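Report on the following structure.
In what follows, every chain begins at residue 1, and chains take the letters A, B, ... in the order their sequences are listed. Small disclaimer: the values here were computed from a predicted structure and weren't measured.
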Amino acid sequence: MANRIQQLYDTLLAHFGPQHWWPGDTPFEVMIGAVLTQNTNWLNVSRALDNLKAQGLLSFERLESLPVESLAENIRPSGYYNQKAKRLKGLLAAIRADSGDLETFFAQDPATLRDKLLQVKGIGPETADSILLYAAEKQAFVVDAYTHRILCRHNLIAEESDYHEIQEVFVEALPAEIATYNEYHALLVRLGKDYCKKTNPLCKTCPLADF
DNA sequence: ATCCGGTTCT
DNA sequence: AGAACTGGAT
């Protein structure tokens with residue numbers, strides 16, 4: 001199993017090259033993007049982030065003081081904008097109450113940080129791990145729908161495997177390196193959206209055709 | 001029409 | 001398990 005997981009990584013990396021994740025200038029931007037990208041394609045998240053940037057609103061203080069209605073309007077392209085605006089507000093409030101600032105919040109040990117993130121309404125395991133890995137640069141393997149689908153289709157996991165089980169597969173197989181976790185998830189997303197699609201997957205030309 | 005780098009509520 | 005949240009691209 002571990003060998004297959006490593007082989008999968010090597011094959012993807014050889015084919016696609018490094019993905020340079022996460023796109024974003026600051027940990028704060030990455031964290032906001034992690035919430036906005038829930039069930040939404042990245043292009044639309046970029047539009048939402050660009051709206052905020054264009055008005056200089058993409059900072060902890062500015063978003064905190066921005067009325068939730070204005071925030072919703074700015075992030076409209078990312079979908080679920082009312083819900084996400086509330087959740088972002090809740091996340092900022094939780095961080096402010098817990099630590100005062102983002103750097104202090106992120107300085108906590110990963111397990112504590114994950115628990116605290118999961119207590120915020122709107123942050124589930126995938127978003128928590130995304131924030132942990134890509135914003136706080138902690139060692140957290142991110143599992144998403146692509147990960148599940150790709151591993152299922154290659155008979156590496158059962159269809160009904162849950163988030164934690166799938167995560168364990170990677171944790172057990174891979175070296176404990178943030179850089180590897182970062183690259184691997186990014187590569188799985190790349191494969192998932194370009195080849196291993198939900199409908200009409202491109203199996204004929206898939207980089208994993210031999211795998 | 002269907003799909004996105006989900007999560008919460010019933 | 002199913003519904004709700006939701007806009008934009010393909």
Side-chain angles (χ1 to χ4, degrees), chain A residues 8-9 12-13 16 18-24 27-52 68-94 114-138 140-153 158-167 170 178 180-203:
Chain A
L8 175 56
Y9 177 75
L12 290 175
L13 187 58
F16 290 120
Q19 299 299 296
H20 307 293
W21 270 36
W22 181 296
F28 184 77
E29 178 180 341
V30 172
M31 178 177 75
I32 300 302
V35 174
L36 294 181
T37 199
Q38 293 173 356
N39 200 39
T40 304
N41 64 47
W42 183 255
L43 179 62
N44 290 338
V45 175
S46 301
R47 296 172 184 285
L49 291 172
D50 286 346
N51 287 343
L52 293 170
V68 68
E69 296 83 9
S70 309
L71 177 56
E73 198 48 45
N74 276 280
I75 64 173
R76 176 184 275 268
S78 72
Y80 308 101
Y81 53 91
N82 288 319
Q83 188 177 175
K84 285 174 180 175
K86 266 189 238 168
R87 290 171 175 185
L88 284 175
K89 283 288 192 177
L91 175 59
L92 297 180
R114 191 175 197 270
D115 286 342
K116 289 179 177 175
L117 285 169
L118 288 174
Q119 282 165 28
V120 176
K121 192 146 297 183
I123 311 270
E126 179 179 341
T127 306
D129 286 333
S130 292
I131 293 172
L132 243 33
L133 179 61
Y134 294 107
E137 300 184 73
K138 309 283 189 186
F141 196 92
V142 179
V143 174
D144 67 349
Y146 291 139
T147 313
H148 177 92
R149 191 157 72 221
I150 292 163
L151 263 54
C152 269
R153 286 178 174 170
E159 170 77 35
E160 48 301 340
S161 300
D162 65 16
Y163 188 97
H164 186 68
E165 291 177 62
I166 299 172
Q167 190 176 47
F170 290 94
I178 294 170
T180 304
Y181 284 21
N182 177 322
E183 196 61 51
Y184 207 150
H185 174 65
L187 286 165
L188 288 171
V189 170
R190 177 72 184 276
L191 183 79
K193 67 177 194 213
D194 291 350
Y195 293 91
C196 203
K197 303 190 287 182
K198 189 169 187 178
T199 55
N200 307 121
L202 307 179
C203 302

Let's see if you get this right: which residues in residues 81-92 of chain A place a heavy atom under 4.0 Å from DNA chain C?
A:Y81, A:N82, A:Q83
Mind listing the side-chain donor-acceptor pairs of residues 69-76 of chain A below 3.5 Å, one per line with the distance, residues two or more places apart or on another chain?
from	atom 1	to	atom 2	distance (Å)
A:E73	OE2	A:R76	NE	3.2
A:N74	ND2	A:S70	O	2.8
A:R76	NH2	A:Y81	OH	3.3

Please give the distance between the C1' atoms of C:dA9 and B:dT7 as a whole number of Å.
23 Å
When you check the phosphate oxygens OP1 and OP2 of B:dC4, does a side-chain N or O of A:R47 lie under 4.0 Å from one of them?
no
Partner residues of A:R47 under the side chain to side chain donor-acceptor pair (under 3.5 Å) criterion, sequence neighbours left out:
none
From CG of A:N44 over to P of B:dC3, roughly how many Å is that when rounded to an integer?
16 Å
Excluding sequence neighbours, so at least two apart, what forms side chain to side chain donor-acceptor pair (under 3.5 Å) with A:N39?
A:Y80
Give a yes or no on whether the backbone of A:V142 and the side-chain of A:E126 come within a donor-acceptor separation of less than 3.5 Å.
no
What is the distance, rounded to the nearest whole Å, between atom CD of A:Q38 and atom C1' of B:dC4?
12 Å
Provide the full list of salt bridge (Lys or Arg N to Asp or Glu O under 4.0 Å) pairs with a residue in residues 188-203 of chain A, sequence neighbours left out, each pair given once.
A:R190-A:D194
Sorted by chain and number, sequence neighbours left out, salt bridge (charged side-chain N to carboxylate O under 4.0 Å, His left out) with A:E29 holds for A:K53
Could you tell me which residues satisfy side chain to side chain donor-acceptor pair (under 3.5 Å) with A:T147, sequence neighbours excluded, listed by chain and number?
A:D144
Using side chain to side chain donor-acceptor pair (under 3.5 Å) as the criterion, list what pairs up with A:N41, not counting sequence neighbours.
A:N44
Is any side-chain nitrogen or oxygen of A:K193 closer than 4.0 Å to OP1 or OP2 of B:dC3?
no
Going 5' to 3' on DNA chain C, which nucleotide is the first and which the last to come under 4.0 Å of a heavy atom in chain A?
C:dC5 to C:dA9
Toward the 5' end of DNA chain B, which comes first, A:V120 or A:W42, by nearest nucleotide?
A:W42
Give one of base, sugar-phosphate or nothing for A:T199, where a contact means two heavy atoms less than 4.0 Å apart.
sugar-phosphate
With respect to the phosphate group of B:dG6, does any side-chain polar atom (N or O) of A:T40 fall under 4.0 Å of OP1 or OP2?
no
Tell me: OH of A:Y80 to P of B:dC4, nearest whole Å?
11 Å
Count the heavy atoms of every other residue, nucleotide or ligand shown that sit under 6.0 Å from CD of A:E137, and state whether that count exceeds 12.
no
Taking the same atom, C1', in B:dA1 and in C:dT6, what whole-Å distance lies between them?
16 Å
Under the ring pair (Phe, Tyr, Trp, His ring centres under 6.0 Å) rule, collect the residues that match up with A:F28, sequence neighbours excluded.
A:F60
Close residues, residues 123-136 of chain A, relative to DNA chain B [heavy-atom separation under 4.0 Å]:
A:I123, A:G124, A:P125, A:E126, A:T127
Output all residues satisfying ring pair (Phe, Tyr, Trp, His ring centres under 6.0 Å) with A:W21, sequence neighbours left out; order by chain, then residue number.
A:Y134, A:H185
Output the rounded distance in Å from CZ (A:R149) to P (B:dG6).
10 Å
